[in-house]
Amino acid sequence: MTGLVVLVVALTLSVVLGLLYQRRNGRFRETAPTVPVPAGRPDDAVRLSAQQIGVPLGTEATLVQFSTAFCSPCRATKALLSDVVSRETGVVHVEIDAESHLDLVRELDIMRTPTVLVLDPAGVVVRRASGLPRRDQVLTTLAAVRAGVDLNK
Amino acid sequence: MPRPTQVDPRGLRVAAAITSVVLAVALVAPQPVAVTLLALQAAIFAVSAFGGLQYSPYSLFFRRVVRPRLSPPGDLEDSRPPTFAQVVGLAFLLVALAAYAAGAPTLGLVATAFALVAAVLNAAVGLCLGCELYLAGRRLGLGGSATT
């Protein structure tokens with residue numbers, strides 16, 4: 001019976017998607033090397049300016065969060081990141097409304113909210129995560145970005 | 001704009017679980033039963049989407065039967081994202097119903113299956129696919145009137 005086959009396929013697909021979602025949601029991936037190579041950044045490294053994000057860049061790192069009104073995990077992400085930066089020095093958190101910055105959203109190819117970009121002191125996007133991250137994922141990422149900063153002092 | 005209604009996210013998960021069961025049964029039931037179930041589910045999506053989440057029978061069931069047995073909610077959720085997702089669910093079921101009416105039961109099954117996957121993911125891991133579609137839609141230049 002076709003219906004039964006479709007049901008089994010749909011449930012299998014749900015399990016696969018569910019596991020994939022839990023594995024990838026909130027995980028930071030590298031978008032540019034944390035430590036600048038001597039020859040300079042690769043040409044495709046994406047850089048954001050203080051003007052684009054509306055606040056001065058953090059001296060150690062900047063967490064740029066893209067949010068929409070239609071997004072429940074965005075609030076939890078905002079609360080988490082605000083709390084993290086309040087305990088760190090030189091780290092800035094800024095929330096950008098994706099809907100009123102659609103040009104930036106297209107340029108950065110942001111598909112989901114929340115998407116969190118981690119900028120180094122020069123504004124280069126070095127890490128990126130979509131979905132609500134866990135606190136330890138944020139702290140590990142910040143430590144990695146900081147380590148890169150320190151190596152070049 | 002008035003302050004958006006807050007909802008208990010656990011109620012949404014319960015509603016998604018009941019929706020999953022209804023849609024799963026609709027996939028394997030004989031066509032007249034399937035169409036009746038889909039029409040009922042579509043009506044419930046419509047009530048949630050346009051009347052308010054709190055008027056859905058699933059929400060009533062959660063408030064009367066489930067919530068009294070649970071501890072108070074740790075966090076409430078903005079009702080707009082799940083409300084938007086109900087519209088997406090409704091759209092899939094309307095496609096399914098139209099397909100059955102037009103004599104294309106395979107398309108009906110596929111559309112029902114998409115709605116089922118979304119409902120199962122919502123119930124099991126709290127992923128709201130309908131909500132995820134919102135920004136993608138805005139990037140393509142669609143909608144936006146609901147919040148702006």
Side-chain angles (χ1 to χ4, degrees), chain A residues 1-27 65-80 83 95-116 130-132 134, chain B residues 1 4 6-7 9 12 20 23-31 33-34 75-85 105-106 108-141 143-144 146-148:
Chain A
M1 187 178 164
T2 327
L4 195 59
V5 175
V6 174
L7 175 61
V8 171
V9 171
L11 291 180
T12 310
L13 188 64
S14 304
V15 170
V16 172
L17 288 175
L19 290 174
L20 216 63
Y21 169 75
Q22 287 195 314
R23 207 174 104 87
R24 301 187 57 158
N25 196 49
R27 196 161 74 168
Q65 175 187 344
F66 284 85
S67 298
T68 41
F70 267 102
C71 166
S72 314
C74 293
R75 287 195 322 170
T77 305
K78 182 184 182 177
L80 171 68
D83 186 59
E95 190 179 28
I96 293 180
D97 176 36
E99 285 185 74
S100 50
H101 294 82
L102 284 175
D103 289 346
L104 204 52
V105 164
R106 288 193 193 98
E107 189 185 322
L108 295 162
D109 200 27
I110 286 165
M111 295 303 296
R112 296 178 60 198
T113 53
T115 288
V116 179
S130 65
L132 169 63
R134 294 191 312 268
Chain B
M1 194 165 72
Q6 302 288 301
V7 290
L12 302 172
S20 304
L23 295 178
V25 173
L27 281 179
V28 291
Q31 191 171 324
V33 180
D75 192 23
L76 293 177
E77 222 177 86
D78 191 317
S79 66
R80 285 174 295 178
T83 305
F84 177 74
T106 310
L109 286 174
V110 171
T112 307
F114 275 112
L116 172 63
V117 170
V120 169
L121 285 173
N122 198 346
V125 295
L127 166 61
C128 174
L129 277 179
C131 310
E132 303 282 346
L133 285 174
Y134 180 71
L135 185 61
R138 292 288 283 129
R139 280 184 57 169
L140 295 171
T147 48
T148 50

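Chain naming here is simple, since letters A, B, ... match the order of the sequence lines and numbering starts at 1 in each.
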Counting only heavy atoms closer than 4.5 Å, note whether B/Leu12 contacts chain A via side chain, backbone, both or neither.
-> neither
Which residues pass the side chain to side chain donor-acceptor pair (under 3.5 Å) test with A/Asp83, sequence neighbours left out?
-> A/Arg87, A/Arg135
B/Val120 vs A/Leu13 side-chain heavy atoms within contact, under 4.5 Å | no
Listed partners of B/Phe114 passing ring pair (Phe, Tyr, Trp, His ring centres under 6.0 Å), at least two apart = B/Phe92
So, the part of A/Leu4 with a heavy atom under 4.5 Å from chain B: the answer is both
Under 4.5 Å to a heavy atom of chain A? For B/Ala29 that would be backbone
So CG of B/Leu127 and CG of A/Leu17: to nearest 0.5 Å the spacing works out to 8.5 Å
Under the criterion side-chain contact (heavy atoms from CB on, under 4.5 Å), which of A/Val6, A/Leu11, A/Val8 is the partner of B/Leu27?
-> A/Val6
What part of A/Asp103 is in contact with chain B, defined as an atom under 4.5 angstrom from a non-hydrogen atom: side chain, backbone, both or neither?
-> neither
Residues A/Arg75 and B/Leu76: closest non-hydrogen pair is NH2-O, 2.6 Å
Answer key: most heavy-atom pairs under 4.5 Å with chain B among A/Ala76, A/Gly3, A/Ser100 is A/Gly3
Residues, nucleotides or ligands: over 12 heavy atoms within 6.0 Å of A/Arg23 CZ | no
Considering only heavy atoms, which portion of B/Ala24 lies under 4.5 Å from any heavy atom of chain A: side chain, backbone, both, or neither?
-> both
Checking B/Val117 against chain A: side chain, backbone, both or neither under 4.5 Å from a heavy atom?
-> both
Could you go step by step and tell me if A/Val5 and B/Leu109 meet the side chain to side chain contact (heavy atoms under 4.5 Å, CB included) rule?
-> CA-CA 10 Å; A/Val5 175; B/Leu109 286 174; over 6 Å; no
